[in-house]
> 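Quick one: the structure is below, and I'll ask about it shortly.
Numbers restart at 1 for each chain; the letters A, B, ... are given by sequence-line order, proteins then strands.
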Amino acid sequence: MTNYNELTVPEATLIQKQLRDNIKVTPYNGPLNYIAGADISFNKFSTTVYAGIVVLEFPSLKPVGYSLVKKEVLFPYVPGFLAFREVPALMDAWTQLPVKPDILVVDGHGIAHPRRMGIATHFGVLTQQPTIGSAKKKLFGNYEEPGPEKGNYSPLTDRQGELLGYALRSKNKVKPIFVSPGHLVDVPGSLDILLRCIKGYRLPEPTRLAHNAVNQFRLNEISEGWTSLL
DNA sequence: GCGACAG
DNA sequence: ATCTTGTCGC
């Protein structure tokens, strides 16, 4: 894998344009026995990032294990280029997984991106794994505020009206989350799967548990490596 | 030029 | 993203 730390934004843009030819937004018809969530945590002003992937049994959503790694990152956070900052660390956590999940939910957008290359798509294309993007804020596209009830959603589209994903009310009276396909999953499919990951919190279980894990890791409450919970 | 802007 | 206490509403 190329070294993202030395890249300039124009160079990163070129990479996104090259990778976009490999994106596959297609129905996922494989099995779904395991789903995972990926997230990153770090201390403000630090170049050390704590990455983690938590694997859950599906549809019970019970965690079965987690992979945690620490890595130095120099690429800054630039809206639209999150992947260049977080993918390298996530890749290490991914490689360390003894068994890969059927679907991976990444904290960030999939194709709901100016060049259709959000972090979930970027990671999916590089690993050739089905991924879904789940973000807490919109990055790109237009949408109408979804209804107030849990489960209500509205389409997220580009200027040509093409469907990129959805704004989803994952819990009553909370701001919506944004769901979009990463790779090897289609738009409706990404919503169907994500809806089955909601457990009463705003964030879907895979993302929520991954977020908790990387924070515990950063605060030295749990250690690096692969840990089985079985 | 102005507004928007994942984590 | 992270830093932080109390506070308002369901």
Side-chain angles (χ1 to χ4, degrees), chain A residues 4-5 7 9 12-13 15-16 19-20 23 37-54 68-91 93 104-125 131-143 145 148-150 156-159 164-183 190 194 200-204 206-221:
Chain A
Y4 286 171
N5 283 331
L7 295 176
V9 169
T13 303
I15 290 177
Q16 291 182 327
L19 288 177
R20 70 181 299 178
I23 304 173
D39 194 20
I40 295 284
S41 177
F42 57 87
N43 290 309
K44 204 172 184 179
F45 305 130
S46 170
T47 55
T48 301
V49 299
Y50 301 80
I53 294 176
V54 175
L68 299 169
V69 302
K70 195 166 74 169
K71 198 178 185 69
E72 292 305 305
V73 177
L74 299 182
F75 197 92
Y77 167 66
V78 180
F81 299 88
L82 178 65
F84 295 88
R85 182 173 165 70
E86 303 194 347
V87 161
L90 286 181
M91 198 62 81
L104 176 68
V105 179
V106 181
D107 190 22
H109 295 282
I111 62 171
H113 177 282
R115 288 168 294 284
R116 306 295 183 272
M117 283 299 298
I119 185 170
T121 303
H122 193 128
F123 190 85
V125 167
T131 59
I132 293 173
S134 173
K136 296 178 287 300
K137 297 176 184 175
K138 185 197 76 169
L139 167 68
F140 178 80
N142 309 298
Y143 72 99
E145 193 68 18
E149 304 289 301
K150 171 182 179 181
L156 176 64
T157 60
D158 65 12
R159 289 182 202 181
L164 301 176
Y166 306 91
L168 169 66
R169 191 81 63 188
S170 50
K171 186 178 192 298
N172 287 335
K173 299 175 182 177
V174 298
K175 298 175 69 65
I177 60 175
F178 299 84
V179 186
S180 62
H183 187 55
S190 67
L194 203 99
Y201 298 90
R202 180 183 179 227
L203 300 183
T207 301
R208 199 175 70 81
L209 297 184
H211 189 268
N212 289 341
V214 292
N215 274 317
Q216 291 183 55
F217 177 34
R218 178 171 59 86
L219 299 174
N220 291 308
E221 295 168 17

> Less than 4.5 Å apart, side chain to side chain, heavy atoms only: is that true for A:Thr13 and A:Met117?
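No, their side chains stay 4.5 Å or more apart.
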
> Indicate the ring-plane relationship of A:Phe75 and A:Phe84, choosing parallel, tilted or perpendicular according to the 30° and 60° boundaries.
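The arrangement is tilted - the two ring planes meet at 30° to 60°.
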
> Hey, does A:Gly80 reach any base, or is it just sugar-phosphate, or nothing, if we go heavy atoms under 4.0 Å?
base

> Rounding to a whole Å, what distance do you find between A:Lys173:NZ and C:dG9:P?
11 Å

> Between C:dC10 atom P and A:Arg202 atom CZ, what is the distance in whole Å?
19 Å

> Between A:Asn215 and C:dT2, is there a contact of a side-chain N or O with OP1 or OP2 at under 4.0 Å?
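Looking at the OP1 and OP2 atoms of C:dT2, one of them is under 4.0 Å from a side-chain N or O of A:Asn215.
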
> Rounding to a whole Å, what distance do you find between A:Lys136:NZ and C:dT2:C1'?
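In whole Å, C:dT2 C1' and A:Lys136 NZ are 12 Å from each other.
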
> A:Asp107 near the nucleic acid: base, sugar-phosphate alone, or nothing, with a heavy-atom cut-off under 4.0 Å?
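Sugar-phosphate, backbone atoms only, no base.
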
> Taking 5' to 3' order, which nucleotide of DNA chain B is first and which is last to have an atom within less than 4.0 Å of a heavy atom in chain A?
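Answer, 5' to 3': B:dC5 to B:dG7.
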
> How close or far is atom C1' of C:dT2 from atom CD of A:Gln216, stated in whole angstroms?
17 Å

> Within the distance-only criterion (no hydrogens, no angle test), does the side chain of A:Arg202 pair as donor or acceptor with the backbone N or O of A:Pro176 below 3.5 angstrom?
yes

> Could you tell me whether A:Tyr201 and A:His211 have their ring centroids closer than 6.0 angstrom?
no

> Examine A:Tyr166 together with A:Tyr143 and report whether their ring centres are nearer than 6.0 Å.
no

> May I ask you to decide if A:Ile132's main-chain N or O and A:Ser190's side chain share a donor-acceptor pair within less than 3.5 Å?
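Side chain of A:Ser190 to backbone of A:Ile132: no pair is present.
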
> Base, sugar-phosphate or nothing for A:Ile40? Non-hydrogen atoms, less than 4.0 Å.
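Counting heavy atoms under 4.0 Å across all strands, no contact is made by A:Ile40.
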
> Salt-bridged, A:Asp39 to A:Arg208, with N to O below 4.0 Å?
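Salt bridge: no.
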
> Verify the contact: side-chain N or O of A:Arg218 to OP1 or OP2 of C:dA1, cut-off strictly under 4.0 Å; return yes or no.
no

> Would you indicate what A:Phe45 reaches in the nucleic acid, counting non-hydrogen atoms under 4.0 angstrom: base, sugar-phosphate, or nothing?
nothing

> Give A:His211 one of three labels, base, sugar-phosphate or nothing, depending on what nucleic acid heavy atoms sit under 4.0 Å from its own.
sugar-phosphate

> Has A:Lys137 got a side-chain N or O lying under 4.0 Å from the OP1 or OP2 atom of C:dA1?
no

